[in-house]
Amino acid sequence: RERWTGASGTLDVRQTLQIQFADQKQEFNKRPTKIGRRSLSRSISQSSTDSYGSVYSQIAASYTDSSDDETSPRDKQQKNSKGNGDFCIKNIKQADFGRREIEIAEQEMPALMALRKRAQGEKPLAGAKVVGCTHITAQTAVLMETLSALGAQCRWAACNIYSTQNEVAAALAEGGFSVFAWKGESEDDFWWCIDRCVNLEGWQPNMILDDGGDLTHWIYKKYPNMFKKIKGIVEESVTGVHRLYQLSKAGKLCVPAMNVNDSVTKQKFDNLYCCRESILDGLKRTTDVMFGGKQVVVCGYGEVGKGCCAALKAMGSIVYVTEIDPICALQACMDGFRLVKLNEVIRQVDIVITCTGNKNVVVREYLDRMKNGCIVCNMGHSNTEIDVASLRTPELTWERVRSQVDHVIWPDGKRIVLLAEGRLLNLSCSTVPTFVLSITATTQALALIELYNAPEGRYKQDVYLLPKKMDEYVASLHLPTFDAHLTELSDEQAKYLGLNKNGPFKPNYYR
């Protein structure tokens, strides 16, 4: 008691500090001498180096001349460890890191791994030459390697100039895949990469896997004769499917096409659940915005819009919805969102999100009327929803804040925050849940197998939905992950419903 109190019986701060400093001095004197401390430090460093030295050296090798290298990959001569140079990527030295990302993705893509294990003995894609144009991510790499294990040859380009994971592209190139993509391509690079995929002497594709329709468009425009040997097209985006239906309506679709976007597994899982998580991820990574209390307008209440609205509402945002379809509009109202026209709220909202698949949804007039600091982004596939071209005028100043984040500044000082230059937010600025992409990728793989092996005459020159039985098969491959147990119909129940006990359980028109 005497140690901690003064004459008055209360704590004496000065005495306390003296005691503490004295104790610390004694403790310090017990520590190793300068030489001893250095030896200890060296021994700790040595053990760390023994464990992690190779990793550190690989990090240095991987990221040297990567993001900071201004040399265009088109001007580089790179080869993988086997001497193959039929690829064009940012940096082949990143391959080891890309391989680890692919291995992580494999753990969250059970259906693709199961499909690979079950079907690789049969090689259902033997002889298939697949040319693909999708986002090049770890998840896509698992799909590509699955297609290869099933017998296909693959050549690949990116469908988005910002979404490529350079290290994954490097891992694919090291693994022998012909990949032409890197993050931050120019428009000219984008079309050059697609052309390099398609235009190879002695190699002609017989299957197309597209995301957005750009690859299909390029072949129609530059190499129409190739369609004589192409068996089919698999398309996974709203934009690409819309283009296919336009070609079909005009009588210009000369091969069968599979509409993966409108399959139940794609619509109800990838579009909805994926965007419900990735919208928040993309906005947080780029702007560090607080969602609670923010006023947000979401343009479009399809599956993507539904996912975005649900996530933002759960975070405490005030969410408005714009919609052209009265059915989707009614759904928005029933889900508790206020349906508005964009011009009614454009002056007051803090965040504008487009997810319609349309063009000119947010035009210059709306951009001019936005409040200072308004965040503008796009969750649809195409970069046409926001009229970014109208912002590239002399009176407006563009200021790069960080990667994929620009301030566009008006003469009076007002600025908006534009993300990914109006391109797809989640894949340009963040990542998406791997498990959900497993569902879509498995659907794509099965669609390729179906079209490639279909007997002549089964599919005409039109756009088809994936058979419901395949949709259900994709879903069933993912259920073991959750230790889920399906209930089986009795014979009497199956007869009552008019169903086969093993499915399909929904008609083909079910959406």
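- One finds no salt bridge joining Asp214 and Lys221 here, because no Lys/Arg side-chain nitrogen approaches an Asp/Glu carboxylate oxygen to under 4.0 Å.
- Tyr459 has its ring centre less than 6.0 Å from the ring centre of Tyr464.
- In this structure, Lys268 fails the cation-pi test against Tyr273, since its NZ or CZ atom is not both closer than 6.0 Å to the six-membered ring centre and inside 45 degrees of the ring normal.
- Within the 4.5 Å cutoff, the side chain of Met207 has no heavy atoms near those of the Val131 side chain.
- Between Asp368 and Trp410, the side chains place a donor N or O and an acceptor N or O closer than 3.5 Å (distance only, hydrogens not considered).
- With salt bridges taken as basic N to acidic carboxylate O contacts below 4.0 Å, none links Lys284 and Asp288.
- Using a 4.0 Å cut-off between charged nitrogen and carboxylate oxygen, Glu472 and Lys506 do not count as a salt-bridge pair.
- In summary, Arg400 and Glu421 engage in a salt bridge, as defined by a charged side-chain N under 4.0 Å from a carboxylate O.
- Judged purely by atom type and a 3.5 angstrom limit, Thr140 uses its side chain to pair as donor or acceptor with the backbone of His135.
- Ala141 pairs by the side-chain contact (heavy atoms from CB on, under 4.5 Å) definition with Ile102, Val168, Leu172, not counting sequence neighbours.
- Enclosure of atom CD1 in Ile324 is not indicated, since only 12 or fewer non-hydrogen atoms of other residues, nucleotides or ligands lie within 6.0 angstrom.
- Between Glu167 and the options Arg99, Glu101, Lys183, a side-chain contact (heavy atoms from CB on, under 4.5 Å) holds for only Glu101.
- Taking 4.5 Å as the limit, every side-chain heavy atom of Ile416 sits out of range of all side-chain heavy atoms of His407.
- A donor-acceptor contact shorter than 3.5 Å is absent between the side chain of Lys90 and the backbone of Asn166.
- Between the CD atom of Glu385 and the SG atom of Cys377 there is a distance of 10.5 Å, given to the nearest 0.5 Å.
- The shortest side-chain heavy-atom distance between Ser278 and Met379 falls under the 4.5 Å cut-off.
- Between the side chains of Asp262 and Gln267, at least one donor N or O sits under 3.5 Å from an acceptor N or O.
- Taking the six-membered ring for Trp and the full ring otherwise, the centers of Phe190 and Phe180 sit at least 6.0 Å from each other.
- A heavy-atom distance below 4.5 Å is found between the side chains of Leu283 and Phe291.
- Geometric assessment of Arg100 against the ring of Phe97 yields a positive cation-pi assignment under the 6.0 Å and 45° thresholds.
- Contact record, Val298 with Cys355: CG1-SG, 3.6 Å, taken as the closest heavy-atom pair.
- Counting only N and O atoms by type, the side chains of Tyr320 and Gln295 include a donor and acceptor under 3.5 Å apart.
- Screening residues 340-363 for salt bridge (charged side-chain N to carboxylate O under 4.0 Å, His left out) gives Asp350-Lys371 as the qualifying pairs, with residues at least two apart or on separate chains.
- The side-chain contact (heavy atoms from CB on, under 4.5 Å) with Val179 is formed by just one residue from the set Arg155, Arg196, Met144; it is Met144.
- Residues Ile208 and Phe227 are in side-chain contact: their nearest non-hydrogen atoms beyond the backbone lie under 4.5 Å apart.
- Here Phe269 and His478 keep their ring centres 6.0 angstrom or further from each other.
- With 3.5 Å as the limit, one finds no donor-acceptor pair spanning the side chains of Ser237 and Asn261.
- We find that Asp387 and Arg364 are not joined by a salt bridge, their nearest charged nitrogen and carboxylate oxygen being 4.0 Å or further apart.
- Scored by the side-chain contact (heavy atoms from CB on, under 4.5 Å) test, Pro224 finds no partners at all (sequence neighbours excluded).
- A salt bridge links Asp189 to Arg74: at least one charged side-chain nitrogen sits closer than 4.0 Å to a carboxylate oxygen.
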